[in-house]
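One structure is given here, and the rest of the page talks about it.
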Amino acid sequence: MTNKILFTKKHLLGLEDFTREEIKLILDTAKPFKNLFTRSIKKVPTLRGRSVVLLFYEASTRTRTSFELAAKRLSADTINIAVNVSSVKKGESLIDTAKTLESMKSDFIVIRHSYSGSPHILAKNVSSSIINAGDGFHEHPSQGLLDIYTVNEKKGRVAGLKVVIVGDILHSRVARSNLWGLTKLGAKVILCGPPTLIPKDVQKVSPSNIDIEYNLDKAIKDADVVNILRVQFERQMEHLFPSIREYSLLYGMNKERLSRAKNDVLILHPGPMNRGLEITSEVADSLNSVINEQVTNGIAVRMAILYLLSSVKE
Ligand code: CP
């Protein structure tokens, strides 16, 4: 773990802020942590004495559990704040809650919030390291990193790959983190979905590496990776596509579409899945699917994130 010296970031707010080298360092650091998973004792003492607070204002299964397991495998103490039964319910502000946690000497605060920019506000107001576990429509950097780790592990590279991201790009923080990370590492990204769900200015992220294609059959032709996004009904303020049936027909990944893609195309989905809507069970459970491996890799990637961020705290 000698690479620690190269890392200077205190917070993980978004992949927009990270260089190609920093992203590669996180991915490289995750590899030895993943090797731990085959051992009977999966724990190392790296973060003994440190504390990680999980402050989730929105629902989560994967991200919260994964950060908790990652912290525990590094021997850190973990505290889950149940927002619904905390003083948030009495009207306490986000900053006051974070300052309270800081006063308890929390080394890390992992926050998920429906407002874009919430982790950035905390980073400006408290001394703990802030990790963005998903902020509104903005970014979900650890998900982007684990997706890229999984692609790199399976394909042996990221540069030069054709990666299709399908679905509700407009409301997807996962898409935005993937876009920043993938393009910095040299992948070609095709965004595919209904015109109402693809922001007009999204190509600004990396104009030469991002294309938009509204036809899924054309988009997945020659694709190396297809990352299928969840339709986020909870974030849609208006009806942005005519019907679920039509969405599924035009943008659902099914067995027939999969049969026309490359034999070795990787199918990713960040979860939770709407089976039968954006992805059929036949595709989700197919040999091309790496959805369960994404979850496993998420722990190793989050161990790498905690480990590297911890190096700049002293
Ligand atoms: N991928 C993801 O963020 O899943 P959760 O909402 O379950 O954390």
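In each ligand, atom 1 is the first atom listed, and ligand 1 is the first ligand listed.
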| note | Note: ligand 1 atoms sitting under 4.0 Å from heavy atoms of T61 are 5 (P), 7 (O), 8 (O)

| said: Taking D96's backbone N and O only, do any of them form a donor-acceptor pair with S93's side chain (distance below 3.5 Å, no angle check)? | reply: yes

| R275 (side chain) donor-acceptor with E282 (main chain) under 3.5 angstrom | no

| F56 ring centre to R112 NZ or CZ under 6.0 Å, with the angle to the axis within 45°? | no

| Among all protein non-hydrogen atoms, which one is nearest to atom 4 (O) of ligand 1, and what is the separation to 0.1 Å? | R62 NE, 3.1 Å

| request: Find out whether the Lys NZ or Arg CZ of K184 is both under 6.0 angstrom from the six-membered ring centre of F18 and within 45° of the ring's axis. | output: no

| query | When you measure from the side chain of S116 to the backbone N and O of F137, does any donor-acceptor pair fall under 3.5 Å? | reply | yes

| Does even one non-hydrogen atom of R112 get within less than 4.0 Å of ligand 1? | yes

| field | Protein contact to atom 2 (C) of ligand 1 [nearest heavy atom, distance to 0.1 Å] | value | T63 OG1, 3.5 Å

| note | If you scan protein heavy atoms around atom 1 (N) of ligand 1, the nearest is P270 O, 2.8 Å

| task | Under 4.0 Å from a heavy atom of G271: give me the atoms of ligand 1 that qualify, with their elements. | result | 1 (N), 2 (C), 4 (O)

| query | Is it true that atom CG of N263 has more than 12 heavy atoms of other residues, nucleotides or ligands lying nearer than 6.0 Å? | reply | no

| Residue-ligand contact G134/ligand 1, heavy atom below 4.0 Å | no

